[in-house]
Amino acid sequence: MKDSMLENLRKDGQVQLAVGLLIGVGFGFLLQKGGVTRYDVIVGQLLLTDFTVFKVMASAVITGMIGVHLLRSLGLVKLHPKPGSFGSSALGGLIFGVGFGLLGYCSGTIAGAVGQGSIDALVGGVGGGLLGAGIFAELYPRLEEKVLKRGDFGDSTFPEILGVNSWLVVIPAVLVLLLLLLWIEEMGL
Amino acid sequence: MIEYLSMKEWSPYLVGAGIGVLNILAFLLSDKPIGCSTAYSRTSGMIEKLFRGSKVLDKAYYRKFEPVVDWEVMLVAGIVIGAFLSASLSGEFRVETVPALWADQFGPDPFLRLTAAFAGGVLVGLGARWAGGCTSGHGISGTTQLAASSWLAVVCFFIGGVATAMILFGAGG
């Protein structure tokens, strides 16, 4: 019965838009409180002088990884891993990275920076980001076969690739991230 | 409570854990991970449709990601509102065009900053769709799911980002 309640909630379009908005409000609030909507903090991370971005991301991944895999083990959620390839994930990732370094915000933190009054995020991030996404839609038919499918490895997850129970990867991954956080604190970064 | 909400800064660990919980909620309530970059793609399509009409919908990419207001577009709109609330409560809301770190290196000229930011923004919008996700969709949600594509993408985000920042700020060399 609980399952059908969740299913009904997930199917209700209007409710889903409200859920998206509310999760976004929470996300934006947290990003701003964490300082990671500030150019100086993000670029400080890229210059490896300020590890706030890493701390936020690693804590989010640790918490989410445990929670999502727990709910999955209970049969309450399904994973939605994205498909990938070297042409898409690696090349696109590098293009994104260069933009990230130049702009100093990423897609989500652009929105957060706009909310705190950053004009460079509004003009450069929203304006440039929309144009860049439009350029991609235009290039997509030409890129699809020639580039995006190069070195395709599908939507596999590490537990699938290794052929093991998810928890055998989740637990070591969480431990490694925790150790990295401890090390960063030890270093005073 | 209000004192806590009006604090200028929270611990990055608390913030991260909170984002992790929101991601879990997104999976549970909406059967999807948190992500931000398809919102740009859909919005870009909606804007193009205003100018060029419905033939825009024939583009292969917009048949895959229809240019409509969906969950993720609402999420990104919510981020603006949430960040505005947080910044207003702590008195941190300020209209700023040139961030301090940029001004130290390149001077206070707003035109230079906006030009560089716009060029960066184009690459962010292009690269996020090229890679099929951004720092949220790959960097947080995808790595959470232990997806191979996302771990590869996030490593490349930071290789590109660190290299660009180091070159711009002449660090490390």
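Every chain is numbered from 1, with letters handed out A, B, ... down the list of sequences.
No part of A:Gln14 comes within reach of chain B, as not one of its non-hydrogen atoms sits under 4.5 angstrom from that chain. For chain A, the nearby part of B:Lys64 is the side chain; its heavy atoms alone come within less than 4.5 Å. If you measure heavy-atom distances from A:Leu70 to chain B, you find no contacts under 4.5 Å at all. Of the two parts of B:Arg94, the backbone and the side chain both hold a non-hydrogen atom closer than 4.5 Å to a non-hydrogen atom of chain A. Proximity to chain B is limited to the side chain of A:Leu143, based on heavy atoms less than 4.5 angstrom apart. For A:Leu71, the part lying under 4.5 angstrom from a heavy atom of chain B is the side chain only. At a 4.5 Å heavy-atom cutoff, the contact between A:Tyr140 and chain B is made by side-chain atoms alone. Interface residue B:Phe93: backbone and side-chain heavy atoms are both found under 4.5 Å from chain A. Contact of A:Phe54 with chain B is not made at all, since no heavy-atom distance falls under 4.5 Å. The part of A:Ile161 that comes within reach of chain B is its side chain, from C-beta onward, which places non-hydrogen atoms under 4.5 angstrom from that chain. When heavy atoms are compared at a cutoff of 4.5 Å, B:Val154 approaches chain A solely by way of its side chain, counted from C-beta outward. The parts of A:Leu79 that come within reach of chain B are both its backbone and its side chain, each placing non-hydrogen atoms under 4.5 angstrom from that chain.
The NZ atom of A:Lys11 sits 14.5 Å away from atom OG of B:Ser30, with the distance rounded to the nearest 0.5 Å. Note that CZ of A:Phe86 and SG of B:Cys156 are 9.0 Å apart. Values are rounded to the nearest 0.5 Å. Separation of atoms CZ (A:Phe96) and OG1 (B:Thr135) is listed at 3.5 Å; rounding is to 0.5 Å. In this structure, CG on A:Leu21 lies 8.5 Å from CG on B:Leu75, to the nearest 0.5 angstrom. One finds the CH2 atom of B:Trp10 at 6.0 Å from the CG atom of A:Leu30 (value rounded to the nearest 0.5 Å). To the nearest 0.5 Å, the span separating CD1 on A:Ile95 from CZ on B:Arg129 amounts to 13.0 Å.
Residues B:Val69 and A:Leu17 approach most closely at O-CD2, 3.9 Å, considering heavy atoms. The nearest pair of heavy atoms linking A:Gly112 to B:Ala83 is O-CB, 3.1 Å. The two residues B:Lys59 and A:Ala137 have their closest heavy-atom pair at CD-O, 4.4 Å. Of all non-hydrogen atoms in B:Leu152 and A:Ser89, the two that sit nearest each other are CD2-CB, 3.9 Å. For A:Val43 against B:Ala165, the heavy-atom pair with the smallest separation is CG1-CB, 4.5 Å. Counting all heavy atoms, side chain and backbone alike, B:Ser90 lies closest to A:Gln32 at OG-OE1, 4.5 Å.
The pair A:Arg38-B:Glu92 counts as a salt bridge, with a side-chain nitrogen and a carboxylate oxygen less than 4.0 angstrom apart.
B:Leu114 and B:Leu112 are assigned to two separate hydrophobic clusters, defined by single-linkage of ILVMFWY side chains at heavy-atom distances under 4.5 Å. By the rule that hydrophobic residues join a cluster once side-chain heavy atoms approach within less than 4.5 Å of another member, A:Ile42 and A:Val126 end up as members of one cluster. Follow the hydrophobic side-chain contacts under 4.5 Å out from A:Leu139 and you never reach B:Leu57; the two are in separate clusters. Two different hydrophobic clusters hold B:Tyr40 and B:Val68 under the rule that ILVMFWY side chains link at heavy-atom gaps under 4.5 Å. Under a hydrophobic-cluster definition in which Ile, Leu, Val, Met, Phe, Trp and Tyr are linked whenever side-chain heavy atoms come within less than 4.5 Å, directly or via other members, A:Leu162 and A:Phe153 are assigned to different clusters.
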**Message:** Could you go through A:Tyr105 and B:Val124, starting from their C-alpha distance and side-chain angles, then the distance that decides it, and tell me whether this counts as side-chain contact (heavy atoms from CB on, under 4.5 Å)?
**Reply:** CA-CA 9 Å; A:Tyr105 310 102; B:Val124 162; over 6 Å; no
**Chi angles and distances behind the side-chain contact (heavy atoms from CB on, under 4.5 Å) call for A:His80, B:Asp31** = CA-CA 9 Å; A:His80 299 285; B:Asp31 190 30; 2.9 Å; yes
**Request:** Kindly indicate, with the supporting measurements, whether the criterion side-chain contact (heavy atoms from CB on, under 4.5 Å) is fulfilled by A:Cys106 and B:Cys134.
**Result:** CA-CA 7 Å; A:Cys106 55; B:Cys134 60; 5.5 Å; no
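Ranking A:Ile62, A:Val114, A:Leu91, A:Asp155 against chain B, the residue ahead of the rest is A:Leu91, based on heavy-atom pairs under 4.5 Å. The choice from B:Leu5, B:Thr38, B:Thr115, B:Leu25 that makes the most heavy-atom pairs within less than 4.5 Å of chain A is B:Leu5. Between chain A and the residues B:Gly20, B:Ser86, B:Gly120, B:Ser150, the largest count of heavy-atom pairs under 4.5 Å involves B:Ser86. If you tally non-hydrogen atom pairs under 4.5 Å between each of A:Gly129, A:Gly104, A:Gly87, A:Pro83 and chain B, the highest count goes to A:Gly129. Options B:Phe157, B:Phe65, B:Phe27 differ in how many heavy-atom pairs under 4.5 Å they form with chain A, and the most are formed by B:Phe157. Comparing B:Ile79, B:Val21, B:Ile19 by how many heavy-atom pairs each has under 4.5 Å with chain A, the most go to B:Ile79. Put simply, of A:Glu185, A:Glu144, A:Arg72, A:Glu160, the one with the most heavy-atom pairs under 4.5 Å next to chain B is A:Glu185. Ranked by heavy-atom pairs shorter than 4.5 Å toward chain B, the options A:Met57, A:Glu138, A:Gln116 are led by A:Gln116. By number of non-hydrogen pairs under 4.5 angstrom with chain B, the leading residue of A:Asp12, A:Val19, A:Ile23, A:Thr37 is A:Ile23. Highest contact tally toward chain A, considering only B:Leu29, B:Ile81, B:Ile34, is held by B:Leu29 [criterion: heavy-atom pairs under 4.5 Å]. Among B:Lys32, B:His138, B:Lys8, the residue with the largest count of heavy-atom pairs under 4.5 Å with chain A is B:His138.
Proximity of B:Asn23 to A:Phe27: side-chain heavy atoms (C-beta onward) are nowhere separated by under 4.5 Å. Counting heavy atoms from C-beta on, the side chains of A:Leu48 and B:Met166 come closer than 4.5 Å. Side-chain contact between A:Leu46 and B:Phe158 is present, with heavy atoms from C-beta onward closer than 4.5 Å. The shortest side-chain heavy-atom distance between A:Ile135 and B:Val122 falls under the 4.5 Å cut-off.
Chain A is approached within less than 4.5 Å, heavy atom to heavy atom, by B:Ile140, B:Thr143, B:Thr144, B:Gln145, B:Leu146, B:Ala147, B:Ala148 from residues 140-148 of chain B, ordered by number. Residues of residues 97-107 of chain B that come within less than 4.5 angstrom of chain A, heavy atom to heavy atom, are B:Thr97, B:Pro99, B:Ala100, B:Leu101, B:Trp102 in numerical order.
Side chain of A:Arg10 to main chain of B:Leu28: a donor-acceptor pair is present (N/O by atom type, distance under 3.5 Å, no hydrogens or angles). With hydrogens and angles ignored, the 3.5 Å screen pairs no side-chain donor or acceptor of A:Ser107 with any backbone N or O of B:Cys36.
Counting heavy atoms of neighbouring residues, nucleotides and ligands inside a 6.0 Å radius, atom CZ of B:Phe111 does not exceed 12 of them.
In this pair, B:Trp130 and A:Phe136 present their aromatic rings tilted. The plane angle is within the 30 to 60° band.
Checked against B:Val15 for a side-chain contact (heavy atoms from CB on, under 4.5 Å), the options A:Val56, A:Val36, A:Thr52 give a single hit: A:Val56.
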